[in-house]
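One structure is given here, and the rest of the page talks about it.
Because the structure is predicted, anything quoted here is derived from the model rather than measured. Lettering follows sequence order; numbering is per chain, from 1.
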There are 2 protein chains.
Amino acid sequence: MEPNRSTSSDDYAADISSIRQAQVRIEPFAHKTPVLTSETLNSIAGRKLYFKCECFQKGGAFKFRGACNAIYSLDDDQAAKGVVTHSSGNHAAALALAATLRGIPAYIVIPKNAPKCKVENVKRYGGQVIWSEPSMQSREDTANKVLQDTGAVLIHPYNDGRIISGQGTVSLEFLEQASEINTLIVPISGGGLISGVALAAKAINPAIRILAAEPMGADDAFQSKINGKITKLSEVNTIADGLRAFLGDLTWPIVRDLVDDVIVVDDKEIIQAMRLCYEILKIAVEPSGAIGLAAVLSDGFQKNPAYSECNHIGIVISGGNVDLGVLWKSLDK
Amino acid sequence: MEPNRSTSSDDYAADISSIRQAQVRIEPFAHKTPVLTSETLNSIAGRKLYFKCECFQKGGAFKFRGACNAIYSLDDDQAAKGVVTHSSGNHAAALALAATLRGIPAYIVIPKNAPKCKVENVKRYGGQVIWSEPSMQSREDTANKVLQDTGAVLIHPYNDGRIISGQGTVSLEFLEQASEINTLIVPISGGGLISGVALAAKAINPAIRILAAEPMGADDAFQSKINGKITKLSEVNTIADGLRAFLGDLTWPIVRDLVDDVIVVDDKEIIQAMRLCYEILKIAVEPSGAIGLAAVLSDGFQKNPAYSECNHIGIVISGGNVDLGVLWKSLDK
């Protein structure tokens, strides 16, 4: 009898080898981001924390790694027609930037309600903004029209092996910079980042613990793990605008098999973590980027004896694209 | 005839040797802070910029380097009686932190009008806060009373060879991390940081250009260089609360001889630079910390042909202790 193919690691959309290839491919373009530490935060958390600051990545988020890997994976003929995406956020800016570096067009479908600084990033990096209505249907329809008109290649923000491999380079760097890490806490949304991080980290150290951090108002990964299958939500509601997507069919098997647990936190905890990032670490972090720290400080983590051995914790600060006014207004409440 | 002693480098309060000793002394305690770069800022400035992020130093500013060097230079008997300072700012927090690490008391005289986050830092790091009136006279009188009562050692925030040597370690690290730098831009206030930086940098590379960045409302260094002698101002008025001090008799000879020029910027330019630090570099930077970027972007620098060869510019981001509300309110104007 043939084994269930979906549980075989051969079937994952990426692996340590594709991630190492991605690292070589993006190395001339991406920043090797620093790892920060803080005695003050260690003392608050009761553990040693290491912060991988992808807010300092080009484009202000880890997304550049995947976008750059995807774009430089294209052959010249494909590339010449350009790329398209209907992500509104950091993936859009990252794709625009990587496309500009390769000298090809990037068509970015953006819903009218997207945060101002994210739209500015897309424009600054040379992306061609194409507006849609906020609904996912309008976004997909608009993107499809661009695909038909231009022959461009669709680069999905997470459900794509090239993207997962690119994001996995975070892990390779992080574990090189702080090899004592025995636990990684990674924001989860569509699952591209955590899939790449988990594949690389478990290949390097099978004993490493991989924890996802997810907002309560968009906890599809938490629900999916409980249900043993992709579970979409009828609505999402969280300040973490980068964490509102659902797992895809390529990220789900990796999350199912390699993510040890999902820690759910509420928006208040996320905002408090943003404040600590600003005040103690001195970094600008968007809500999605602060969720890993929120998870470590949450009761769900602190009071759970299952995590008592998680004493060297690597936290991926995924991005820093937050309007200062938005940050101030959310902290001022 | 005996040469004018005050122009001899033998008379400076520190040198490359004392700075290298400081590096060894503080290495177990201080962070090696990262250097960030940004293509966006390079393109705005028309030069390659390198940002030495002392906002990530312990205590949130470079001041920890000098304070740590001073405190670990004390012999055990001296140290046991503790240290005192009447700085209200980052030096106070840094001294408190370094004293706590050595297990000795730090008495910090703080004027009642000091920014809240700076007072919080002093308390968080274990300093004993002693309030004074805002006037310098009250601050000095209060500090003298503490000295008499406790026998503690006064550690001046900048007019002290141990402090200058500690701050100079910024240079050693920075030029190791980015050896292509041919110009350093450093905030100037009492002159401790730039004195240490200049002494080390010119010893490593005599051709390196050292530029001071100073706020228009507290331009005593600019005036002093013009007049050829220490020139104090009758009043100061700048948003850069860390840059309101005047040169001392130990820092002045070094600034006079080794600082090639002083670039003066106004508060509006400082605020714009803070915004760029937040939005592009994703770092929290206090007004004093952003002044180096403000100087590079100023007309006084950009349009001066004397600086046309300054194409690899190292900027010292001196600190990040800024209340978020203060930042937002100054940017929102």
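Of all the listed residues (R124(A), E279(A), E39(A)), the one sharing the greatest number of non-hydrogen pairs under 4.5 Å with chain B is R124(A). Ranked by heavy-atom pairs shorter than 4.5 Å toward chain A, the options I280(B), D323(B), V35(B), N321(B) are led by N321(B). Of the listed residues (C277(A), G60(A), G320(A)), the one with the most heavy-atom contacts under 4.5 Å to chain B is G320(A).
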Steps toward side chain to side chain contact (heavy atoms under 4.5 Å, CB included) verdict (L324(B), R275(A)): CA-CA 9 Å; L324(B) 185 59; R275(A) 177 189 288 277; over 6 Å; no
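Looking at L281(B), the atoms closer than 4.5 Å to chain A (heavy atoms on both sides) all sit in the backbone: N, CA, C or O. Using a 4.5 Å cut-off between heavy atoms, T37(B) touches chain A through backbone and side chain atoms alike.
Residues of residues 283-296 of chain A placed with any heavy atom under 4.5 Å of a heavy atom in chain B are listed by number as I283(A), A284(A). For residues 50-59 of chain B, a heavy-atom distance under 4.5 Å to chain A picks out C55(B), F56(B), K58(B), given by residue number.
Residues satisfying the salt bridge (Lys or Arg N to Asp or Glu O under 4.0 Å) criterion with K32(A), sequence neighbours excluded, are E176(A).
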Only distances under 3.5 Å count here; give the side-chain donor-acceptor pairs of residues 96-103 of chain B to other protein atoms, sequence neighbours excluded, each with its distance to 0.1 Å.
| unit_1 | atom_1 | unit_2 | atom_2 | d |
| --- | --- | --- | --- | --- |
| T100(B) | OG1 | A96(B) | O | 2.9 |
| T100(B) | OG1 | Y125(B) | O | 2.6 |
| R102(B) | NH1 | I71(B) | O | 2.7 |
| R102(B) | NH1 | L74(B) | O | 2.8 |
| R102(B) | NH2 | L74(B) | O | 3.2 |
| R102(B) | NH2 | D76(B) | OD1 | 2.7 |

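Y278(B) and V322(A) make their closest contact through OH-CG1, 3.2 Å (heavy atoms, listed as atom of the first residue, atom of the second, distance).
The structure places CG of N121(A) at 8.5 Å from OG1 of T40(B), a figure rounded to the nearest 0.5 Å. The structure places NE2 of H31(B) at 8.0 Å from CG of L36(A), a figure rounded to the nearest 0.5 Å.
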